[in-house]
K.L.:
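Provided herewith is a single structure, encoded as structure tokens, for subsequent inquiry.
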Amino acid sequence: MAGILAGKKALIFGVANDRSIAWAVARELHAQGAELAFTYAGEVLEKRVRPLAEGIGSTIVLPCDVTRDQEIEAVFQEVGRRWGGLDILVHAIAFARKEDLSQPYVQTGREGFHTALDISSYSLVVLTRHAAELMKGRGGAVVTLTYMGSEKVVPNYNVMGVAKAALEASVRYLAHDLGPEGIRVNAISAGPVKTLAASGIAGFRDMLHLVSERAPLRRNVDPAEIGRTAVYLVSDLGSGVTGETLHVDAGYNVMGM
Ligand code: NAD
Ligand code: 0WE
């Protein structure tokens, strides 16, 4: 019952509801004994996130829209005050304008490009910088969520694919910067999962079906499998792994035909 993350303190960004990948990660970290804190993006989501957090004994639930530097600073100040340090950062945030996920990529405007890269890519850099301050002298681990649309063209993923490519490159550069401090930075490239972020996407059900037919495992991934991979990456089991993007996609990405 001790768990491989007993005594570890984890701060989780990206829970919107109980279908969020961040929530599946939270549950698996909690099952391994980690103590958790959560952030939510806006009042509407507080109503969803607070009961979930309280249900697993978390008392630190703070607002954070990652486009607002003051909110980010307030989160890390409060976590520092309550915990005096941090071991694990989970980043599971992405956003692009709806029109940029339907019109041809070539039409992407400057504002839409900036929005997608700011929220989905730059946020990892600023959150990791703050987290590293609280990980000083104790080491730590950062994990983010990405998608294969960074490596290969997935129709309509568009500017999000470009943002995920920047996110994965950031994982490597952050791993280089923070390795000397004993802080590891990795990404999980997940197969499609039916979450709130996926619900607005036309044809998402067909994508799930196609993956389940073509992937080596002949099925889709279960969010709990993503959560348990996060446990591996942030725990001592993954002590030699940093700067990596690990696919958890039933093997879909290895296929060439
Ligand atoms: P989700 O909608 O449950 O989570 C997305 C989260 O991003 C939400 O909690 C939302 O509040 C947050 N967010 C958006 N804008 C924000 C902002 N300005 N400030 C703070 N938070 C903000 O969907 P999800 O599918 O669980 O997405 C989590 C991560 O997993 C994302 O990075 C996504 O790209 C990635 N991912 C998803 C899938 C999938 O098929 N669902 C596959 C691979 C990777
Ligand atoms: O990263 C994602 C989705 C991220 C996302 C989703 C939305 C929907 C609502 C970012 N921004 C928004 N903006 C909105 O207004 N995934 C990996 C899931 C996903 O999204 C796709 C996919 C897959 C898979 C979009 C097109 C094609 C495939």
Side-chain angles (χ1 to χ4, degrees), residues 12-26 38-49 52-53 62-69 71-72 75 90-105 112 114-124 126-127 143-168 170-171 187-211 220-223 225-227 229-230 245-250 252-253:
I12 301 185
F13 290 80
V15 178
N17 57 39
D18 64 356
R19 291 194 307 184
S20 294
I21 293 173
W23 179 243
V25 172
F38 293 89
T39 69
Y40 57 88
E43 270 173 47
V44 179
L45 292 178
E46 180 177 13
K47 292 198 282 283
R48 292 269 131 69
V49 178
L52 288 172
L62 304 165
C64 189
D65 175 335
V66 295
T67 63
R68 300 189 177 167
D69 287 328
E71 289 189 15
I72 293 171
V75 165
V90 177
H91 174 279
I93 292 171
F95 183 79
R97 292 178 173 187
K98 202 172 175 63
E99 62 265 33
D100 289 331
L101 299 176
S102 51
Q103 73 195 351
Y105 175 66
H114 281 165
T115 295
L117 274 283
D118 184 22
I119 297 176
S120 314
S121 315
Y122 178 70
S123 64
L124 179 71
V126 59
L127 297 183
V143 67
T144 186
L145 269 299
T146 186
Y147 176 62
M148 194 193 59
S150 63
E151 308 164 59
K152 299 286 177 188
V153 172
V154 174
N156 297 323
Y157 200 59
N158 298 357
V159 72
M160 272 307 309
V162 173
K164 291 302 195 186
L167 182 76
E168 291 165 26
S170 282
V171 163
I188 296 172
S189 186
V193 175
K194 202 170 179 306
T195 61
L196 185 64
S199 68
I201 310 300
F204 196 80
R205 282 168 52 99
D206 297 334
M207 286 190 35
L208 285 172
H209 184 71
L210 185 111
V211 168
N220 291 112
V221 286
D222 176 343
E225 296 179 306
I226 301 166
T229 301
T245 295
L246 183 49
H247 293 85
V248 180
D249 65 349
Y252 185 81
N253 77 93

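Just follow the structure's listing: the first ligand is 1, and inside any ligand the first atom is 1. For clarity, every value in this text was computed on a predicted model and none was experimentally measured.
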K.L.:
When you measure from atom 24 (P) of ligand 1 to every protein heavy atom, which one gives the shortest distance, and what is it?
P.N.:
T195 OG1, 3.4 Å
K.L.:
Using a 4.0 Å heavy-atom cut-off, say whether V15 meets ligand 1 through its side chain, its backbone, both or neither.
P.N.:
backbone
K.L.:
I'd like to know if P155 contacts ligand 2, where contact means a heavy-atom distance under 4.0 Å to any ligand atom.
P.N.:
yes
K.L.:
Side chain, backbone, both or neither: which applies to L145 and ligand 1 if a contact is any heavy-atom pair less than 4.0 Å apart?
P.N.:
both
K.L.:
How does A116 reach ligand 2, by side chain, by backbone, by both or by neither, if only non-hydrogen atoms under 4.0 Å count?
P.N.:
neither
K.L.:
Where's the contact between C64 and ligand 1, heavy-atom distance under 4.0 Å: side chain, backbone, both or neither?
P.N.:
backbone
K.L.:
Determine whether any heavy atom of G191 lies closer than 4.0 Å to an atom of ligand 1.
P.N.:
yes
K.L.:
Mark up the atoms of ligand 2 that fall under 4.0 Å of a heavy atom belonging to K98, in ascending order.
P.N.:
15 (O)
K.L.:
Looking only at distances, please establish whether an N/O atom of ligand 1 is found under 3.5 Å from an N/O atom of V193.
P.N.:
yes
K.L.:
Heavy atom to atom 7 (C) of ligand 2, shortest distance: which of A92, A94, A197, A198 holds it?
P.N.:
A197
K.L.:
Could you list the atoms of ligand 2 found under 4.0 angstrom from a heavy atom of N156?
P.N.:
26 (C)
K.L.:
Check whether any N or O atom of N17, backbone or side chain, sits under 3.5 Å from an N or O atom of ligand 1, and answer yes or no.
P.N.:
no
K.L.:
Answer yes or no for M148: is there a heavy-atom contact with ligand 1 below 4.0 Å?
P.N.:
no
K.L.:
Looking only at distances, can you tell me whether any N or O atom of T146, backbone or side chain, sits closer than 3.5 Å to an N or O atom of ligand 1?
P.N.:
no
K.L.:
Is there a side-chain contact between I188 and V143 (heavy atoms, below 4.5 Å)?
P.N.:
yes
K.L.:
Only heavy atoms of A190, strictly under 4.0 Å: list the atoms of ligand 1 that pass.
P.N.:
42 (C), 43 (C)
K.L.:
Are F204 and ligand 1 in contact, using a heavy-atom cut-off of under 4.0 Å?
P.N.:
yes
K.L.:
Counting heavy atoms only, which part of I119 comes closer than 4.0 Å to ligand 1: side chain, backbone, both or neither?
P.N.:
side chain
K.L.:
Please list, in number order, the atoms of ligand 1 under 4.0 Å from a heavy atom of K164.
P.N.:
31 (C), 32 (O), 33 (C), 34 (O)
K.L.:
Can you report which non-hydrogen protein atom sits closest to atom 11 (N) of ligand 2, along with the distance?
P.N.:
A96 N, 2.9 Å
K.L.:
Return a yes/no value for F95: is any of its N or O atoms, backbone included, closer than 3.5 angstrom to an N or O of ligand 1?
P.N.:
no
K.L.:
Could you identify the single nearest non-hydrogen protein atom to atom 28 (C) of ligand 2 and state the distance to 0.1 Å?
P.N.:
M207 SD, 3.5 Å
K.L.:
Is Y157 touching ligand 2 with its side chain, its backbone, both, or neither, if touching means heavy atoms under 4.0 Å apart?
P.N.:
both
